[in-house]
Each structure stands twice: as C-alpha cells, then as structure tokens.
Amino acid sequence: KDMVKFGHAETVRDMLEYIGYEVEIFDEVEPDPSIPTIEKGGEVAREFKPDWLIGLGGGSCLDAAKAVWIKYVHPDISLGSIDPFSRYNLREKAHYMAIPTTSGTGAESTWAIVLTDPVLGRKWGIACRESIADVAVIDPRFPMSMPKKLTAGSGLDVLAHSFGGYVSRWRNDFSEGLCIQGIRMGIEYLPKAYKNPDDMEAREKMHNAATVAGLGFGNSQATLEHSIGHAVGAVHHLHHGLAVGIALPYTIQFYANAREKETRELYAKLARILGIEFKDEEDAVDKIVGKLRSLMDEIEAPKSYGETGIKEEDWKRGRENIIEFAYYDPCFYVTPRIPSKDELGRIIDCCWEGRDVTF
Ligand SMILES: [Fe+2]
C-alpha cells in the first residue's frame, strides 16, 4: 500500500503503459507477508494472466511477488513443499522483475522467500532456485523516501548479510569478494545516508551495497545472526534489519571464541582489508565488533534487544520460542560455529542484556 501512497506504483505503471503493457496492481502485501496474502495474490494473477510479475517495494513485497509467481504457475502447490532441488518451470508461464525500494534485503538478487504463518506465528523460509529475478532495477531514487529508522534498519541488514555470508560454512571465492565489498560500502556509506537522507551518493552506494551483499550471501547464506533475528522478529515483530543487526556483534564474538582459529583468521583478514590496525587475531575481532558498535551509535540503533522497547515480561515469555525457532532456522546449519541449544539460549540472553559473549 505504501508503494501506491508514495507514488512508486504509479511511476512504474505509467512507464509500462507508455510502452504498451497492460498493468494490474496488487497492493495487499503486508510487512512479513502471510500465506493467505500469497494465496490471494495467486488468485489475482491467475485471473489477470500476466507475462511478467514485478515485485516493487521492500523485501516483503519482493518475496511476496516470488511466492505469488509460484502460486500463479502451480495453483495447487503447497508452499511448504517447495524445495531448492525440484524444477517448477516458472518461466514457461511468466518472468519476474524486482524493483527494490529499500536498501537492505537483497531480495532482488537471492532466491530465498520469507513468509509468515499466521496460525503458528512463525517465519518460514522457502528456497526455490527458479525464483531469482530475471531483471533487477536498482534505482536509488526509490529509497530516497525511506524514513531514517528504515534507512538504519535496512542498512544493518546489508551488514548482517555481508558479515554472515563472509564467514558462512558455504563461503567460497565468489561470495567472499562480494561480502567484503558489502561490508566496506555499508561501513562507509550507511552513517552518511542516515545523517543526510538527501545525500544522493550515499543513497546510491547503499542501494548498490544491498544488491552486492545479496549476491554475496545469496551464494553462501547468512548465518546465526539471521537465525536469531528471524526468531526475535517472529515473536516480537521487530524490524528484520534491526533484529539481525542487533544480533550480529554477539554472533561474531561467539564464532571468534571457537577453539579452532579459522573464523578468527577470517576476521583478521577482513580487518586488514578495512585498514584496521590490530595486535593479534583476538584484537582484530574486538576492533571489528567495536567498529560495528560505534556505527550503530552513529545511526542511533539499539545495541541490545533490551533497548528496543520489548517489555521484560514479554521477552521472558517468548524466550523459549525464540530459542526453538532459531535452532530450526535454515541459516543455523551454515553457521561457522554451531551452538548447542544451551549455548544458543545464552547468546540470546547476551543479545537481550547487551553483554559480551565470552564463551
Ligand atoms: Fe536479512
């Protein structure tokens, strides 16, 4: 609905109609799109029979468009049965264009789809290889209308994707370069875009950084910061970027505390690339965490879940669900150091209290 309110939907529709396309707008996607919304979108698509589906908006709209596309082609399919190994022949019926209007999710360059099950009250990740966009339009004029809080939250998502994708168990030469670039751009331009929303260069760099990070973690997967962020987001309805951004420094500490030094070495390499001086690998990790925390101060973001306004009694009541959801989140299994359930609970407690992870 915001896309209609801000005039973005009209801008895209006018351009398409100008070159002879017929356009139907479906504007019922809510933040954290639910399965009933996707079912409804699928019905609208089957009636209108489009050659192209266009996802216009933030990650919720882009993910919803991917899911609607699947329901358009396969009306009877249960979304829960989608897997990354089967063929769905989506392009025999339509193609998909993604136009992000926020600079964060990278949904324009990944095949992941995150939906919400309103009955179970949990987020739900689907992976369909074919749902990656045929065309992505990365136009920095769209995110210019993002309010400051959204600039901060979506920018933290870029950093969480880049940092997670950089150390993931599935990391590879392709993801590494893109994730490092995502980190560099995020650190340099997020504070600028936040402090001066009219800084076109900073806006453009952050918009590009979101897609760069999407290409990066799309080839290696995000890690525990996303498992925790997804779980906290589902239980307390916290903005996705903020939820994963808060967890990020704590998960870095947890990985770096591992007996094996592999991940510590990755952070030391990153610190060298970022031009951070350090004594040894432990110091490199401390400096990177310190850099992230001062960046969070610059963009006035809370550094713990306890500072987000969630009531303590609600947090305590939801704690077990958060642990359970995070433990079974798809990002959990590519995490470079996989915590036990007990460790996971303790990490989540640190994220709530703002206490360093020392184990
Ligand atoms: Fe994310």
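If you're wondering where the values come from, they're calculated on a predicted model, not measured in any experiment. Each ligand, and each atom within it, is numbered from 1 in the order the structure gives.
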*Find out whether the Lys NZ or Arg CZ of Lys148 is both under 6.0 angstrom from the six-membered ring centre of Tyr194 and within 45° of the ring's axis.*
yes
*What angle, in degrees and rounded to 10°, do you get at the Fe ion (ligand 1) when you join it to NE2 of His226 and to NE2 of His161?*
90°
*Using only N, O or S atoms, tell me which atom of Asp157 is closest to the Fe ion (ligand 1).*
OD1
*Sorted by first residue and then second, give each salt bridge (charged side-chain N to carboxylate O under 4.0 Å, His left out) pair with at least one member in residues 197-211; sequence neighbours left out.*
none
*Measuring from the Fe ion (ligand 1), name the closest N, O or S atom belonging to His240.*
NE2
*Start with the C-alpha gap between His8 and Phe142, add the side-chain angles, then the distance that decides, and say whether ring pair (Phe, Tyr, Trp, His ring centres under 6.0 Å) holds.*
CA-CA 7 Å; His8 295 333; Phe142 288 115; 5.0 Å; yes
*Please find out if less than 6.0 Å separates the ring center of His95 from that of Trp69.*
no
